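Taking it in order: structure first as structure tokens, then the write-up.
Both counts, for ligands and for their atoms, begin at 1 and track the order of listing. Only a predicted model underlies this, so the values are computations on that prediction, with no experimental measurement involved. Below, all heavy atoms of this structure are taken into account, side chains as well, without hydrogens, waters or symmetry copies.
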Amino acid sequence: MEDLKTMSFDEMNLSPDIARAIKDMGFEEATPIQSQAIDLIRAGKDVIGQSQTGTGKTAAFGIPCIEMIDEQNRSLQAVILAPTRELAIQICEEFRKLLKYKDSIKVVPIYGGQPIDRQIMALKRGVQVVVGTPGRVMDHMDRRTLKMETVKIVILDEADEMLDMGFREDIETILGKMPSERQTVMFSATMPPGILSLTKEYQIDPEHVKVVRKELTAPLIDQAFFEVNERSKTEALCRIIDMQNPSLSLVFCNTKRRVDEVVEQLQGRGYFAEALHGDLKQAQRDMVMKKFRNGTLEILVATDVAARGIDVDDIDIVINYDLPQDEEYYIHRIGRTARAGRSGKAFTFVVGKEVYKLRDISRYTNAKITKGKLPTLSDIEEAKASKFLEKVKGVIAEGQLSKYINLVERLSDDDYSTMDVAAALIKMNLYDENAVEIEEVSYTDKPRRSSDSRSKGQPERGMVRLYLNIGKANRILAKDVVGAIAGETGVPGKLIGAIDIFDDFTFVDIPREYVHTVLDGMKNKKVKGTKVNMQKAAGEQARKPLGKSAPREYSKDGKAKKKFFGFMG
Ligand code: ADP
Ligand code: MG
């Protein structure tokens, strides 16, 4: 906690105009990152500042940056680079608030998407500070509408995000055009290797200012973890959501692809879920965020980087579908809930040995993360039933049912009891065909060719057996099958279950939630030069043990196969 001591702005000897503006903004005292960074930056040091979102980083560089501008001089003196248009605008607004009593200093935002002519006109009037996205700043440099020769200070805000978005080269080009005696300041929420190498190359003797709040707003965030299997994560996620019944939840995955997969699975089960990640166009992001804000979207599935810009205060639950790779990320993720004085919950899935990594996170963040038990199917059923019955009571209270009572009467005329009719309707509403039991998990991933699944004579729980029309005769090996499926469909190889290869065909067990992905992805694809046909193995065969005892009739001709076992399409 020693790094949390704060200063008052009065102690900082700011110029009166700025001090007054800060008072108007309602800031009482400097935040920890401001307390540490402002003086260093003002003293001309290269600084690398690290703290979580919402800790006032903009003013931490904005205040000293403004203090260093020579207002008599109309040439460009400060450049701030930011990853997105929104952020550039936001920073610009904060600067203008700080400049409320100092209108001789001009700030202009420069970003893609806005007509360049308008920006050129604004720049021609003479500005001392430019806040821009790297691409557009480069553009202006090429046109010579921005001249970097007079720049005294450059600030990279959300540097880690800029690197993640692929701006490294642009940043290097821009920095390369600036005078070498300039001051270089970076702010970043995390310190991945890319940032460290940027620091090494472009900063001179930098001061690293780091403020990690070890004690989060933890009392308000209820934190639990669940030990799950990779393949039961989606089921576990759905159960938690069904049980907790949150209005807004935020689900974190480690990669864009995972985000898409999870969204697809959730949508397939009827949840209002959408993805937020770096591959989306700005307009798509805006759309998703709008839906999330107005509540038409219940579940947002995001990567760490994409979630950075989420400014929604009433997220009830954060779920770490994947354990975050970095302790800092854990803090950032769960900090999305319990904002503005509300309470919130954070749930984390751990697979196998990840439980040890979670222990490190828990130590690092000083947070108590309790072991949770997933709701069972009957818990969910009970919760759904109570909710449903409440809804029924509401509908009855509203009245205006005569039209429907007529329909019930029609059935009673046919000798059905109203009790049976009501029960059937409830069944139609509550029955969940996707519900599957989650198996107990052990600390290690099960080996692929699990022999106990064979002795039980059926695919492991949660797995579906697929038929593939090639076999030993095509000289395929298990690794070819895994390679083909993983390569064509993106389903991680380690999730693929038992594989049994016969003369002319093969059976493969696939987690239920990936069946469609695999069937779609394998359509018209070739394995070892042979065009494959993949379908669900049905009836008997889906339940028979895999092994040498499988009847030979399989391998002979297709017709016999169909007749004996049938295939679902
Ligand atoms: P970050 O960049 O670290 O995510 P911002 O600079 O966007 O954080 O600041 C988050 C919010 O906190 C803004 O609304 C900002 O005006 C406000 N803020 C910044 N500094 C202070 C302060 N010293 N006291 C109170 N509020 C502050
Ligand atoms: Mg910021």
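- Of the possible polar contacts, none joining the Thr337 side chain to the Ile334 backbone as a donor-acceptor pair under 3.5 Å is found.
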Side chains of residues 17-25: which donor-acceptor pairs under 3.5 Å do they make with residues two or more places apart or in other chains?
from: Asp24; atom 1: OD2; to: Lys100; atom 2: NZ; distance (Å): 2.8
from: Asp24; atom 1: OD2; to: Tyr101; atom 2: OH; distance (Å): 2.3

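- Near ligand 1, residues Phe9, Phe27, Glu29, Ala30, Thr31, Gln34, Gln52, Thr53, Gly54, Thr55, Gly56, Lys57, Thr58, Glu94 each place a heavy atom inside the 4.0 Å sphere around the ligand atoms.
- Relative ring orientation between Phe226 and Phe349 is described as perpendicular, the plane-to-plane angle rising above 60° on a 0-90° scale split at 30° and 60°.
- Arg239 and Asp379 are not joined by a salt bridge, as no carboxylate oxygen comes within less than 4.0 angstrom of a charged side-chain nitrogen.
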Donor-acceptor pairs are to be reported for all side-chain atoms of residues 124-131 against protein atoms at under 3.5 Å, with residues two or more places apart or in another chain.
from: Gln128; atom 1: OE1; to: Lys106; atom 2: N; distance (Å): 2.8
from: Gln128; atom 1: NE2; to: Asn73; atom 2: O; distance (Å): 3.3
from: Gln128; atom 1: NE2; to: Ser104; atom 2: O; distance (Å): 3.2

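- Under the side chain to side chain donor-acceptor pair (under 3.5 Å) criterion, Glu67 pairs with Ser15, not counting sequence neighbours.
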